[in-house]
Visitor: 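Attaching a single structure in structure tokens format; questions to follow.
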Amino acid sequence: MAANVNLAVGSHVWVEDSEEAWIDGEVVGVNDEEIEINCTSGKTVTAKASSVYPKDPEFPQCGVDDMTKLAYLHEPGVLQNLKSRYCVNEIYTYTGSILIAVNPFRRLPHLYDNHMMEQYKGVALGELSPHPFAIADAAYRQMINEGISQAILVSGESGAGKTESTKMLMRYLAYMGGRAVSEGRSVEQQVLESNPVLEAFGNAKTVRNNNSSRFGKFVEIQFDQTGRISGAAIRTYLLERSRVCQVSDPERNYHCFYMLCSAPPEDFEKYKLGNPRTFHYLNQSNCYELDGVDDSEEYLTTRKAMDVVGISSEEQDGIFRVVAAILHLGNVNFAKGNESDSSEPKDDNSRFHLKTAAELFMCDEQSLEDSLCKRVMVTRDETIKKSLDPDSAAISRDALAKIVYSRLFDWLVNKINNTIGQDPDSKYLIGVLDIYGFESFKTNSFEQFCINLTNEKLQQHFNQHVFKMEQEEYTKEEIDWSYIEFIDNQDVLDLIEKKPGGIIALLDEACMFPRSTHETFSQKLYQTFKDHKRFNKPKLSPTDFTICHYAGDVTYQTEFFLDKNKDYVVAEHQALLSASKCPFVSGLFPPLPEESAKQSKFSSIGSRFKQQLQSLLETLSAIEPHYIRCVKPNNQLKPAIFENTAVLQQLCCGGVMEAIRISCAGYPTRKTFGEFTSRFKILAPEVLNGSVDEVTACKKLLQKVNLKGYQVGKTKVFLRAGQMAELDAYRSEVLGRSASVIQRKVRSYLCRKKFVLLRLSAIQIQGLCRGQVARHRYENMRREAASVIIQKYGRSYLSRNGYKNLCSSAVCIQIGMRGLAARKELSSRKKTRAATVIQSHCRKHLAHARYLRMKKAAISLQCGWRRVVARRELRKLKMAAKETGALQEAKNKLEKEVEELTWRLQLEKRMRADMEEAKTKENAKLQSALKEMQLEFQETKSLLMKEREAAAKASEEAAKAAEAAAKVAEQLPVVQEISVVDQEIVNKLTAENEQLKALVDSLEKKIDETEKKFEETSRLSEQRLKQATEAESKIIDLKTAMQRLEEKLSDIETEDHILRQQALKMSASMKMSEHLSGAPDQPLGNGHHEPLRTTPSKKFGSESFRRSQIERQHEGVDTLMKLVTGNLGFSEGKPVAAITTYKCLLHWRLFEAEKTSVFDRLIQIIGSAIEDQDNNDHMAYWLSNTSTLLFLLQRSLRTAPRKPPTPTSLFGRMTQGFRSSSANLSVGASDLVRQVEAKYPALLFKQQLTAYVEKIYGIVRDNLKKELSLHLSSCIQAPKTAKGGVSKSPEGSTGNSPRANPWNSIIANLNGFLTTFKENCVPPIIVQKIFTQMFSYINVQIFNSLLLRRECCTFSNGQYVKNGLAELELWCSLAKEEYAASSWDELKYVRQAVGFLVLHQKSRISYDELTNDLCPVLSVQQLHRVCTLFLDDDYNTQSVSPDVISSMNFLMTDDSSSDDSSSFLLDDNSSIPFSIEDISSSMQEQSYSDVKPPAELSENPDFQFLQE
């Protein structure tokens, strides 16, 4: 790539280094192929031109978010970009659609909160900063839009952060998929809760990681047709089974073994455990404990996690039984038996562990020993039992341990899946694959071989996807790519897995021969693959072999290949554990079909591994993949350390460099037309003169420099490898020539400046000399002038003293003469004043005596007239008392009549009951008589006589009852006459007697007629029962009427009492009426006024008046409700509906009512009125009315101490209102607001009204947010204008059509809402809060976009946003503080951020100046984000100095250690920012007495009180 580049002196290059992988430097000398480079580290090196790579001198300080944007896409460029971004805490970077995640080894909570998820929701990939949320959102959107299942492949070596990335992906998918709850927990929570269990049984310590997953996990998040999460499942792949029996130093076995050995004492004794060093499966390595990990606590944590995922205590006991049994099984050693080629437990210790394993498995000890030491051979004729030698028995023991552990792990996965819940009807799924990465250690065994095979297969899938993405990019840009070759790694895969000649096939073949060893297996490999280019034999080892993987060469040691690959499925093991008495163990080994259970079969771990891998690849091939490559920046697992060599190795292992190689095979450098012309316009400035579009400009630039092999797409310029360096070389040449011209001009300027300075110096010297001579002459002249002035002032002093003496003498004489004249005048005035005072006192005495005589006469006259008026009022009160006594007597008489009627009705009931009882007995006797008719004929006759007598008595009683009812009806007209017994009953009884006589003659007819008679009697009984029920209802009506009469009587008494009190008060304060003066309200001599005329008491006492008051109030309520439903408008800037409603409620005293439905009707009207939430004018009208009514309620309603109960009747409340109104006469009728004692309905109405005010406020605010959000996205980033006459229309448009300014649209929306608020008289305090929250919303949206999008943090964009903010400031000043208030202050975050963007010479600013003067409000995280994202797109100047960035990094490191480190993004506040007290205090000064009622109510006489 670099060989085609012409490097000149001064070029910036990358050169390979043994310590840092790559270091940068400047070319200081070129000698053919030898290049001398002065490195930034200080040393000078010499390298070949083919081994160096060009460096981009304009590389941004904080890197680029997508590798494809790099000017030079090569290994050192990628490494530099990742390191630059990592240093500023940008841990995510794209390579096309692939996300590279570098583990920061510190908490960065601000990157993963809900607000961040909201930002990435629905945003196209690449529009915001790289993030796992963006990958998850792209997968989710593609699944919804295209109906294709997706997969996200997360790979990387141990400790790179795969698990954390997987958690973030699942969180975002759960956020997008909505709720998916099972037993109160979401799918994401359930999957994460299963992690401790799977980590305990599937993770182990390796060389590079203390918690390495030794299996692949594919989490399927299942979705329904609507995109909602419907279920989930965990699929596991490629569990490293051989680790159970064989562990290399310094690694560990699976965590669960060590946890169990650290279990509490009761479990320790229960499973007969010991120190891990005593178990063979654990003591093969010297590592037993992990730093910072307590296995006993981990054991308890795993137990709790099992409880959470639904594993019962019995199942947990079975699980740890199996784990303990495996440990004991590993300590069973074998020795030679008595027979040849036989084996038996070696010693007592082995037998103890064998017995313990049998007890834990709950199987027979001898059967377990036989299954390990013997084999059953089934032939056609007989079954042969064969003994195994000690080595074969040990292999059988390990096979049993591996199969049991494998079945246990599979059971755990199935149990977790059943707990989570899968959706069999799921339409789509998004899978997240978390699998181990490429491994290359000093000692690489069978496990690394299988893992690297997995990564080879996944890399092939990855390469195909990358090549496909390249093809899609080229096709999208419509460029020719047919000649690009795709290099695959199929030859490595054939070397490993091809049948029959692959390494796995040869390994299986060696395992099937009993006498094969790793030496023979190695020799077989050497012979088979000696000519294969991907297979090598190390020189120093006779049994090792090397495979050239895509990520590098790996040498494998074959010592344990055969042992780790063997995995016998022994029939004896299956039969033994299937028959276990432990249900859990037997459940792990269900019975097999009879054919497969008869014999043992050889099973290869490698073959099974390959099958699972093929299954995984088939699953991934059927869905659309997305990739996340996790990178561990250092092996110390510490933050802020970036090791180039380690990262580069992981990039190779993760396939990133392979993807770059594929990209470099085509067009690795891709620049948009704007970026290309901006960077290389200096090569041909004349091309940009005139109105040409960017496509034409780019083509002319490329033709100008005679570049070949490039292609121009629809939106980008595609350059081959090395062409970018060639263009930069041309650009450097032009810049060099320009620099020479600039230097020449600068030198000329400096020389002229020096000459001008010398000339100015000479002129200054001459001026100083001339000035000195002039100063001497001036001094002499000044002395002469001073002596003349002294003489003048001396003469003037002498003359002035003489004049002053003469003047003082004259003044003294004048003073004496004037004093004498003044004393004479004073004496005359005193005498005149004394005479006047004597006259005034005499006249005063005479007038006062006359006034006292007149006053005494007037008082005597008034007292006489008041006695006359009082006697008249006394007579009236006595008459009213007599009327009250008459009403009381009528009440007592009515009570007696009701009691008498009640007694008579009870008597009638008893009589009816007696008749019913007699009738029932009669029917019973008739039925018995019919059966014995022939034998007891005489008895029937006597019975008929009794019936006649009973009928006669019944008739008499009925007649008496009828007479009594008639009397009651006459006395009380309300009670209607009830017919208790009619004549039809008597006729029917007579007919029955006649029928009975006839039945004596014919018994057969008598039976049928008797049955009919029984039915008729039953019907009559029912009729009588109904009549009794009606009588009871009428009694209830009578009682109700009685209660009404009592209530009326109490109203009359109350009225009478009130009238008496009013009469007494009025008589005490009554004035002289028309007898003394004809005109009312004429002031009299003693200061009294004529009293108001009172209404006669008979008007209040009449029943018709009371009824009309109740009916008129109900009609008034209905009329008010009909009017309030409509728009009543405004009067004097105040809502008519609210004030009218308040006046009516206050006048009707509904606030003091214990029960009323008026408030409920008002709330229903408001609720139905605000259903049209999109009509802003309508919502503003109701916001004004509800807030005003709430203010009036807040001022009026109060809770007072306990007082006598308010009358429940309407008339009682009205009379009490009259009484209170007379008491409040001193307040004045013009005062609208009056405090009342509120009852529960009024207080509840106030609470409901408060809720509606807040709801309407929220609706109006959200409507304004919707309007603003449509334009804010355009306000965030400035529209791209033409540079040098180049338009942004690659498809031929002129680009001269003016675009609407989105800031003007925002101002228009604000003005529209402000006008609406003013027209509807919304209280200013509410308008202030709305606009304050709107400006806060604008601040949050623009500020967050600046921090999330790099293209927004530019100098030109800052100028654009600054101009828009100036428009908002102008709007605030025009809206005035009454409505805008502190809205402008809400933009402080974005104002300070924009102020930083448009600041020149940022590199000279210190950290203190930045935090104290420029941006005091911004946090360290926010400042760091703005400083690192800043890009000067006009002048290519740098951001703040590295020292400032270092200070920020240090402070951020300290903050990240605490849990309260917050996000750098702002949150939008959607709360209600005001209270009732705020509204009340802001509206306190307003007057509501001048509000005119609606015309409909003004004409209604019932609403005359509104006019007062």
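A quick note: this is a predicted structure, and the numbers were derived from the prediction, not measured.
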Visitor: Looking only at non-hydrogen atoms, find the nearest pair between P57 and H12 and report the distance.
Guide: CB-CD2, 4.1 Å
Visitor: Measure the CH2-OG distance between W14 and S51 for me, rounded to the nearest 0.5 Å.
Guide: 14.5 Å
Visitor: How close do C1353 and L1346 get, counting heavy atoms only, and between which atoms?
Guide: SG-O, 2.8 Å
Visitor: What do the steps show when you test D65 against S129 for side-chain hydrogen bond (donor to acceptor under 3.5 Å, both in side chains), and what is the final call?
Guide: CA-CA 7 Å; D65 55 5; S129 300; 5.7 Å; no
Visitor: I'd like to check V647 versus F642 (side-chain heavy atoms, cut-off strictly below 4.5 Å). Are they in contact?
Guide: yes
Visitor: Taking the inter-plane angle between the rings of F1430 and F1396 on a 0 to 90° scale, is it parallel (under 30°), tilted (30 to 60°) or perpendicular (over 60°)?
Guide: perpendicular
Visitor: Just so I know, are the side chains of V741 and R744 near enough to count as touching, which here means a heavy-atom distance under 4.5 Å?
Guide: yes
Visitor: So which atom in Q650 and which in A160 form the shortest heavy-atom distance, rounded to 0.1 Å?
Guide: OE1-CB, 4.4 Å
Visitor: Can you give me the closest heavy-atom contact between L99 and P132, atom names plus distance?
Guide: CD2-N, 3.6 Å
Visitor: Rounded to the nearest 0.5 Å, how far apart are NZ of K48 and CD of E16?
Guide: 12.5 Å
Visitor: Is the backbone of E34 close enough, under 3.5 Å, to the side chain of E36 for a donor and an acceptor to pair up by distance?
Guide: no
Visitor: May I ask you to decide if the ring planes of H131 and Y120 are parallel, tilted or perpendicular, using 30° and 60° as cut-offs?
Guide: tilted
Visitor: Report the relative orientation of the aromatic rings in Y550 and F438; use parallel for angles under 30°, tilted for 30 to 60°, perpendicular for over 60°.
Guide: perpendicular
Visitor: Establish, for the pair K55 and Y72, whether the NZ or CZ atom is under 6.0 angstrom from the six-membered ring centre and no further than 45 degrees off its axis.
Guide: no
Visitor: Parallel, tilted or perpendicular: which fits the ring planes of W22 and Y53, with parallel below 30° and perpendicular above 60°?
Guide: perpendicular
Visitor: Measure across N81 and G63 and return the closest heavy-atom pair with its distance rounded to 0.1 Å.
Guide: OD1-CA, 3.2 Å
Visitor: Could you pull out the closest heavy-atom pair between F1343 and A1393, with the gap in Å?
Guide: CE1-CB, 3.9 Å
